[in-house]
Amino acid sequence: MRNRYLDLLRFLAIVRVVVYHVTGHAALTLVFPAMSVMFALAGSLMAASLDRTGVPAVARRLRRLLPSLWVLAAVFVPAMLFTGLPLTPKVLLWLFPVGDPPANHWGGLGLSPIWYLRDYLWFVLASPLVLWLFRRTPLPILLAPYALLATIEFGIFPDAPTVLREFGLYFGAWLLGFAHHDGLLRRMSNRALVPTALALGTAGLAWIFTHPGPRGYDLNDIHLGNALWSAAFILVAIGRAPAGAPWVDRYPLVGRAVTLLNRRALTVYLWHMPFVVALTPLVGLVGWTPRDPVGLAVRVVLVFALVGVVTLLVGWLEDLAARRRPELLPGRPRTTVADRAAAAPASPAPAGAETELATGIRVSGG
């Protein structure tokens with residue numbers, strides 16, 4: 001049975017990512033470090049998949065990840081090739097993004113969220129071996145990404161490849177997902193978890209406020225602070241996750257929205273940024289500045305509306321990739337055979353049926 005609390009966390013993370021990209025408010029990254037939360041949830045699910053099926057879980061995860069990317073590439077890569085993108089072997093990275101796929105001047109920003117798929121792919125590929133190691137020496141393996149990131153940030157390994165830097169930045173969150181799945185976080189007493197979270201959070205905030213980036217206190221520009229603050233957030237938000245959140249489904253609109261966005265998370269993530277980039281100059285044409293509250297609100301609504309249209313058109317591919325029955329709008333309450341039988345109109349009972357039934361009950365009971 002799905003944990004609706006974790007579904008709710010993923011829902012909030014996706015909404016936060018979209019709103020942040022529209023508004024650019026750095027405070028949103030501090031209030032809710034969405035990308036690290038998404039990696040932690042994905043790490044927990046990956047550990048569960050490996051426990052169920054072993055190494056073949058890697059192929060299953062890639063099968064669920066790549067088709068949505070290929071649909072995006074089928075639309076944007078030809079357009080970029082027609083507008084100046086050189087046709088080189090690197091274009092093949094759009095099929096399997098172990099590195100950053102190439103983009104031209106207009107596609108680079110709109111397709112920038114592809115980095116998440118690049119990191120996700122590498123983390124999935126590494127998971128079978130790392131999970132095996134993690135279960136033998138959990139603490140050293142958990143600390144390794146943070147140590148790697150520290151060597152990069154302190155200049156000991158300044159020229160680290162992008163993928164290696166991303167392992168330092170986000171793989172720690174993925175490993176905290178392993179710890180959540182294995183019950184390690186749940187078994188930590190509050191006397192251990194709370195001081196650890198406070199120490200990490202304090203260190204992270206201290207680094208953030210003493211090392212502001214070009215956009216101020218935006219976590220995306222402050223890697224070490226991001227990793228530490230995110231670890232503290234995950235320890236509390238996921239380490240003390242309740243067994244469920246049944247209240248989510250007591251409100252049909254909320255439950256449906258949470259289910260819909262969880263089933264279409266990849267589609268929403270991949271497609272929202274092109275609309276953010278396209279709408280920015282259009283909204284400016286009517287006189288709203290990038291910081292105008294009304295203009296920002298309109299852009300948020302328009303981005304979600306346009307992403308909703310694309311989700312209707314291609315989101316069902318996520319169902320096919322997961323080998324589910326395709327649905328235009330997931331989350332409808334499903335009618336079971338028992339529900340249909342209960343709702344079916346009853347035929348009039350034949351004469352004498354009640355007497356026969358009562359007799360049968362008395363006989364069988366004796």
Side-chain angles (χ1 to χ4, degrees), residues 1-14 16 30-54 57-58 60-61 120 123-124 126-147 149 167 169-205 226-250 254-255 258-259 261-262 265:
M1 180 180 292
R2 293 188 67 94
N3 185 329
R4 294 297 272 168
Y5 171 78
L6 299 181
D7 285 347
L8 179 63
L9 272 185
R10 188 179 293 105
F11 169 86
L12 294 174
I14 290 290
R16 204 286 279 158
L30 277 168
V31 172
F32 195 101
M35 300 312 302
S36 292
V37 169
M38 289 168 62
F39 278 122
L41 294 172
S44 181
L45 290 173
M46 187 66 206
S49 296
L50 287 168
D51 283 344
R52 282 195 303 270
T53 62
V58 171
R60 290 186 175 88
R61 284 286 151 187
Y120 194 109
F123 295 172
V124 166
S127 285
L129 174 60
V130 176
L131 182 61
W132 182 83
L133 293 171
F134 177 81
R135 285 175 172 167
R136 280 147 184 82
T137 54
L139 189 58
I141 296 299
L142 181 57
L143 293 177
Y146 300 98
L149 183 60
F167 262 91
L169 178 55
Y170 288 117
F171 199 57
W174 189 274
L175 293 176
L176 285 172
F178 285 0
H180 168 259
H181 169 72
D182 286 0
L184 299 181
L185 300 185
R186 185 174 60 253
R187 291 195 294 272
M188 281 183 72
S189 68
N190 286 334
R191 287 191 299 177
L193 186 142
V194 173
T196 302
L198 285 175
L200 289 170
T202 301
L205 289 177
N226 184 356
L228 295 173
W229 175 250
S230 296
F233 189 95
I234 291 166
L235 282 176
V236 176
I238 297 179
R240 285 298 175 263
W247 62 266
V248 169
D249 294 311
R250 292 193 196 118
V254 175
V258 169
T259 300
L261 209 51
N262 271 268

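- Rounded to the nearest 0.5 Å, atoms CZ (Phe171) and CG (Leu142) are 10.5 Å apart.
- No side-chain heavy atom of Pro145 sits less than 4.5 Å from a side-chain heavy atom of Phe167.
- Rounding to the nearest 0.5 angstrom, the gap separating the CG atom in Leu45 from the CG atom in Leu6 is 8.0 Å.
- Counting non-hydrogen atoms of neighbouring residues, nucleotides and ligands closer than 6.0 angstrom, the CZ atom of Arg136 exceeds 12 such neighbours.
- In terms of heavy-atom proximity, Pro138 sits nearest to Leu184 at CB-CD1, 4.2 Å.
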Using the rule given for side-chain contact (heavy atoms from CB on, under 4.5 Å), can you reason through Val37 versus Arg10, listing the C-alpha separation, both sets of side-chain angles and the distance that settles it, and then say yes or no? CA-CA 8 Å; Val37 169; Arg10 188 179 293 105; over 6 Å; no
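- Residue Ala231 comes nearest to Tyr146 through the heavy atom pair CB-OH, 3.6 Å, listed as atom of the first residue, atom of the second, then distance.
- Under the 3.5 Å distance criterion, the side-chain polar atoms of Trp229 are left unmatched by any main-chain donor or acceptor of Leu200.
- In terms of modelled atom types and a separation under 3.5 Å, the side chain of Asn3 and the main chain of Pro242 share a donor-acceptor contact.
- Among residues two or more places apart in sequence or in another chain, the side-chain contact (heavy atoms from CB on, under 4.5 Å) test is passed with Ala48 by Arg52, His181.
- Side chains of Trp174 and Ser127: a donor on one and an acceptor on the other come within 3.5 Å.
- Note: Ser36 OG to Leu169 CG = 6.5 Å, rounded to the nearest 0.5 Å.
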Please lay out, stage by stage, how Val248 and Asp7 fare under the test side-chain contact (heavy atoms from CB on, under 4.5 Å). CA-CA 10 Å; Val248 169; Asp7 285 347; over 6 Å; no
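- Between Leu129 atom CG and Ile141 atom CD1 the span is 8.5 Å, to the nearest 0.5 Å.
- Atom CZ of Phe134 is separated from atom CG of Leu175 by 6.5 Å, given to the nearest 0.5 angstrom.
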Salt bridge (charged side-chain N to carboxylate O under 4.0 Å, His left out) between Arg187 and Asp182, worked out: CA-CA 10 Å; Arg187 291 195 294 272; Asp182 286 0; over 6 Å; no
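- Side-chain contact, Arg61 with Ser49: a donor N or O sits under 3.5 Å from an acceptor N or O.
- For the pair Ala237 and Leu9, the tightest heavy-atom approach, listed with the atom from each and the gap, is O-CD1, 4.0 Å.
- Between the side chain of Arg4 and the backbone N or O of Gly255 there is at least one donor-acceptor pair closer than 3.5 Å.
- Between Tyr170 and Phe123, the distance from one ring center to the other does not fall under 6.0 angstrom.
- Applying the side chain to side chain donor-acceptor pair (under 3.5 Å) test to pairs two or more places apart or on separate chains, none has a residue in residues 192-205.
- Pairing each heavy atom of Ala42 with each of Tyr120, the nearest pair is CB-CE1, 3.6 Å.
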Audit row: Leu205, Leu30, side-chain contact (heavy atoms from CB on, under 4.5 Å) steps and yes/no: CA-CA 9 Å; Leu205 289 177; Leu30 277 168; 4.1 Å; yes
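- Among all heavy-atom pairs drawn from Ile234 and Ala173, the shortest one is CD1-CB, 3.7 Å.
- The side chain to side chain donor-acceptor pair (under 3.5 Å) analysis of residues 231-241, with sequence neighbours excluded, yields the pairs Asn190-Arg240.
- Closest heavy-atom contact between Ala47 and Phe178: CB-CD1, 3.8 Å.
- The main-chain N or O of Phe32 is found under 3.5 Å from a side-chain atom of Arg16 such that the two form a donor-acceptor pair.
- With rounding to the nearest 0.5 angstrom, the CG atom of Leu41 is 4.0 Å from the CD1 atom of Ile238.
- Side-chain contact check for Asn226 versus Met35: every heavy-atom pair is 4.5 Å or farther apart.
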